[in-house]
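Both ligands and their constituent atoms are indexed starting at 1 by order of listing.
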Amino acid sequence: MQLSEHFTLAELTASNTARKLGLDNTPGADALQQLHRTAQMLERVRAHLGGRAIIVTSGYRSRQVNEAVGGVTSSDHAQGMAADVVVPAYGTPFEVAKALASQVNALGIGQIIYESVGGAQWVHLSTRIPAQPVNRVITVHGKTTLVGIQPV
Ligand SMILES: [Zn+2]
């Protein structure tokens, strides 16, 4: 199923963990509706990055999948509101996060997190605006959280 011009339901629900553990990762109606909104946000991000292909490394996670990957219960991934992405044709995850951070309102990004964990880096994008404005643009490095997009 095509969610938007460049994003399919398959790529926004693909999960190695689900496949390995035989877990169901089919979104319900509410999550599916949110995934459409998430795909629209990703389209705006894609256009802002000059039409470079966005690779979604993790999108929707059912409750079981979210638990299996150690995600927090309140994760936007479990609501279909978030996608972890890399855009190697544009630049490093840090460069991608930097290019998006000042444009969150224009692009309809509720929250952007530059994540650097265990030697891997990616950009978390959510359509949900956090309750605390300070959490809207942040960097997570291991167990440390920093305000803004920071080189770590
Ligand atoms: Zn994420």
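Sparse packing is recorded around CD of Q132, with 12 or fewer heavy atoms of other residues, nucleotides or ligands lying under 6.0 Å away.
Evaluated for a salt bridge (Lys or Arg N to Asp or Glu O under 4.0 Å) with R61, the options D84, D76, D24 yield exactly one hit, D84.
Taken to the nearest 0.5 Å, the CE atom of M41 stands 10.5 Å off from the CE atom of M81.
For residues 65-86, the pairs satisfying ring pair (Phe, Tyr, Trp, His ring centres under 6.0 Å) are H77-H124, with sequence neighbours left out. Applying the ring pair (Phe, Tyr, Trp, His ring centres under 6.0 Å) rule to pairs touching residues 130-151 yields nothing, sequence neighbours excluded. Residue pairs meeting the side chain to side chain donor-acceptor pair (under 3.5 Å) criterion with at least one partner in residues 32-44, sequence neighbours excluded, are S4-E43, H6-E43, Q34-R37.
Counting only protein atoms, the N, O or S atoms lying less than 2.8 Å from the Zn ion (ligand 1) are H77 NE2, D84 OD1, H124 ND1, ordered by chain and residue number.
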